[in-house]
Amino acid sequence: MAELQQECTEEAQPTTAIVVLGEAMFFKPQANVISITLFYREQFREALDQMAVPDSLEIMHIVVRSSDLNSLYDPEAIKEFVPCLKGGAELMVHVLVGENQTSGDEDGETVRESLVLAGLRIQSEVMTENGSRIVTATKPGGLDDVQEDQDEVDGSEE
């Protein structure tokens, strides 16, 4: 019986988290997604404390307006989220802009630096048609890392 309860608990654990900083967007919460909207920089660091367990998230999105990046996005808080990510999990930071605006290079630099300092690997940085920016990073330890390690071993034996 205890094993069945444990399996149910593990299955019920959300694998996706969305943290919205400020009024960047409205997201209708879903039962299988952790959805948090924060309005103070001080809240960012503890956003997942009560909602996610270690090694449970496969995808995490952080959404913030470019105009709110300096006031709401805490670069040092990213490292607090890493333990909740599974190996190979993606963390995407969406920097949204208003009409006729573009996310500046300094926005990308702030986000990239915070992800790297948290021990994540930058995978891509995309500028969307509307000028917003999406920076994607992964947590080491996923299947791709295992394959890369195997390729390195195979290549060194030749």
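Everything numeric in this text was worked out from a predicted model, so none of it was measured. All residue numbers refer to positions in the sequence shown, counting from 1.
Without hydrogens or angle criteria, Arg121 side chain to Ala137 main chain gives no donor-acceptor distance under 3.5 Å. Of the possible donor and acceptor atoms, one in the side chain of Gln43 sits under 3.5 Å from a partner among the backbone N and O of Tyr40.
For the residue pair Thr128 and Ile134, the shortest heavy atom distance occurs at CG2-CD1, 3.9 Å. In this structure, Leu57 and Thr16 approach most closely via the heavy-atom pair CD2-N, 3.9 Å. Contact between Ser132 and Leu96 at its shortest, heavy atoms only, is OG-CA, 3.4 Å. Gly22 approaches Thr37 most closely through the heavy-atom pair O-CG2, 3.6 Å.
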(message) Walk me through whether Ile34 and Leu48 qualify under side-chain contact (heavy atoms from CB on, under 4.5 Å).
(response) CA-CA 9 Å; Ile34 296 171; Leu48 295 180; 4.2 Å; yes

**Asked** When you look at Phe44 and Phe39, which way does the ring-ring contact (aromatic ring centres under 6.0 Å, His included) test go after all the steps?
**Response** CA-CA 9 Å; Phe44 189 41; Phe39 294 98; over 10 Å; no

Exercise for review: May I have the step-by-step check of side-chain contact (heavy atoms from CB on, under 4.5 Å) for Glu46 and Glu80, ending in yes or no?
Suggested key: CA-CA 8 Å; Glu46 299 170 357; Glu80 303 296 327; over 6 Å; no

**Asked** Please walk me through it: do Val82 and Leu120 pass side-chain contact (heavy atoms from CB on, under 4.5 Å)?
**Response** CA-CA 8 Å; Val82 173; Leu120 302 172; 4.1 Å; yes

Next on the checklist: side-chain contact (heavy atoms from CB on, under 4.5 Å), that's the test. Do Arg133 and Asp105 meet it? Break it down for me.
Outcome noted: CA-CA 10 Å; Arg133 178 183 306 267; Asp105 291 337; 3.9 Å; yes

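Val116 and Leu91 end up in the same hydrophobic cluster when Ile, Leu, Val, Met, Phe, Trp and Tyr side chains are linked at under 4.5 Å. Leu21 and Met51 fall within the same hydrophobic cluster, defined by Ile, Leu, Val, Met, Phe, Trp and Tyr side-chain heavy atoms under 4.5 Å apart, directly or through other members. Following chains of ILVMFWY side-chain contacts shorter than 4.5 Å, one cannot reach Met92 starting from Leu69, and the two form parts of different hydrophobic clusters. Residues Val93 and Leu38 are members of one and the same hydrophobic cluster, defined by side-chain heavy-atom contacts under 4.5 angstrom among Ile, Leu, Val, Met, Phe, Trp and Tyr.
In this structure the side chain of Val97 never reaches within 4.5 angstrom of the side chain of Met127, judged on heavy atoms. By the 4.5 Å heavy-atom criterion applied to side chains, Lys139 and Lys86 are not counted as neighbours. A 4.5 Å side-chain heavy-atom check between Ile18 and Val33 finds at least one atom pair inside the cut-off. Side chains of Val135 and Ile122 form a contact here, defined as non-hydrogen atoms less than 4.5 Å apart. Between Met60 and Ile62, the closest side-chain pair of non-hydrogen atoms falls below 4.5 Å. With contacts defined as side-chain heavy-atom distances shorter than 4.5 Å, the pair Asp55/Cys84 does not qualify. Contact check for Ser114 versus Glu76: no side-chain heavy atoms found under the 4.5 Å cut-off. Using a 4.5 Å cut-off on side-chain heavy atoms (C-beta onward), Ile78 and Tyr73 make contact.
With sequence neighbours excluded, no residue forms a salt bridge (charged side-chain N to carboxylate O under 4.0 Å, His left out) with Asp49. Remark: Glu106 pairs with no residue by the salt bridge (charged side-chain N to carboxylate O under 4.0 Å, His left out) rule, at least two apart or across chains.
To the nearest 0.5 angstrom, Thr138 atom OG1 is 12.5 Å from Ile59 atom CD1. With rounding to the nearest 0.5 angstrom, the OG atom of Ser103 is 12.5 Å from the NE2 atom of His94.
Within a 6.0 Å radius of CD in Gln123, more than 12 heavy atoms belonging to other residues, nucleotides or ligands are found. Environment of CD in Gln101: crowded, with over 12 heavy atoms of neighbouring residues, nucleotides or ligands closer than 6.0 Å.
Within the structure, the salt bridge (charged side-chain N to carboxylate O under 4.0 Å, His left out) test picks out no pair touching residues 92-104 (sequence neighbours left out).
For Glu90 and Thr136, the side-chain atoms include no donor-acceptor pair closer than 3.5 Å.
We find that Arg45 and Asp74 are joined by a salt bridge, their nearest charged nitrogen and carboxylate oxygen being less than 4.0 Å apart. Looking at Asp68 and Arg41, no side-chain N of the basic residue comes within less than 4.0 Å of a carboxylate O on the acidic one, giving no salt bridge.
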